[in-house]
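For reference, the structure discussed in these notes is given below.
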Amino acid sequence: MLISGRGSNMIAIANNIRSGALPGVEIAIVISNTASACGLAVCRELGLPSAVFLSKGRPRAEHDADVIACLRQHNVDLVILAGYMRLLSPEFIAAFPNRILNIHPSLLPAFPGLDAQQQAFDYGVKVTGCTVHFVDEHLDHGVIIVQRAIPVLDTDDAKTLSARILKEEHEAYSEAIARVASGDYEIQGRRYIKRN
Ligand code: GRF
């Protein structure tokens with residue numbers, strides 16, 4: 001699992017693993033690209049193994065090579081981006097084809113990029129949500145696994161909207177991980193198809 005910040009998605013997934021909701025899934029290693037990520041302190045509390053590879057000022061491919069080596073050392077099967085605020089190099093994506101997942105706080109393809117919740121709020125959409133997708137070489141673009149929609153309320157501001165989206169994220173990400181871990185799916189073009 002790759003993080004850069006508070007790690008609330010990481011915590012939600014770790015809790016779901018603990019409660020038995022994600023059979024066969026374990027967190028092998030949490031990697032942060034910043035030393036100040038609050039999620040790192042949580043890892044210590046939860047007893048999750050973690051590592052830091054500082055990315056600031058380093059060429060992307062060089063930094064990613066270290067991260068890939070660490071992931072390989074831990075025999076990871078799936079790479080879960082959970083608030084990882086750094087674009088992956090093409091080498092990274094090629095190293096784990098269709099095995100990297102990301103969560104984005106909008107209904108893609110609407111509002112890719114930073115501050116998706118604010119973008120949706122400012123645009124005035126009446127429905128938004130979150131998307132879990134495979135990572136490909138384009139930003140917030142890969143095959144969609146799970147989406148959850150919520151209404152934008154007249155009483156919302158960007159903050160209340162973000163909080164309600166985050167609540168959905170915490171469920172949607174585990175749902176997507178369970179589906180991918182089960183292997184019971186196929187990808188047809190841009191379509192993720194569940195077999196059962
Ligand atoms: C989430 O909103 C996620 O959708 C986006 O970054 C945020 C990470 O939050 N990619 P957290 O670190 O998991 O709390």
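All residue numbers in this chain count up from 1 along the given sequence. Remember, it's 1-based here, ligands and their atoms both numbered in the order they're listed.
- For Glu186 and Arg191, the salt-bridge test fails: no basic side-chain N is under 4.0 Å from an acidic carboxylate O.
- Closest to atom 9 (O) of ligand 1 among all protein heavy atoms lies Arg6 NH2, 3.3 Å.
- Summarising the hydrophobic clusters (Ile, Leu, Val, Met, Phe, Trp, Tyr; side-chain heavy atoms under 4.5 Å, direct or chained), the residues clustered with Val152 are Phe111, Phe121, Tyr123, Val125, Ile150, Leu161, Ile165.
- Here the straight-line distance linking atom CG of Asp64 with atom CZ of Arg86 works out to 6.5 Å at 0.5 Å rounding.
- In terms of protein heavy-atom proximity, atom 6 (O) of ligand 1 is closest to Gly83 CA, 3.6 Å.
- Of the residues Val30, Leu71, Ile29, the one that meets the side chain to side chain contact (heavy atoms under 4.5 Å, CB included) test with Leu2 is Leu71.
- Considering backbone and side-chain N/O of Gly7, one or more are found under 3.5 Å from N/O of ligand 1.
- Ion pairing between Glu168 and Arg164 fails under the 4.0 Å rule for side-chain N and carboxylate O.
- Backbone and side-chain nitrogen or oxygen atoms of Asn102 are examined, and none is located within less than 3.5 angstrom of a nitrogen or oxygen of ligand 1.
- Glu169 OE2, 3.1 Å is the protein heavy atom nearest to atom 2 (O) of ligand 1.
- Between Ile103 and ligand 1, at least one N/O pair is under 3.5 Å apart.
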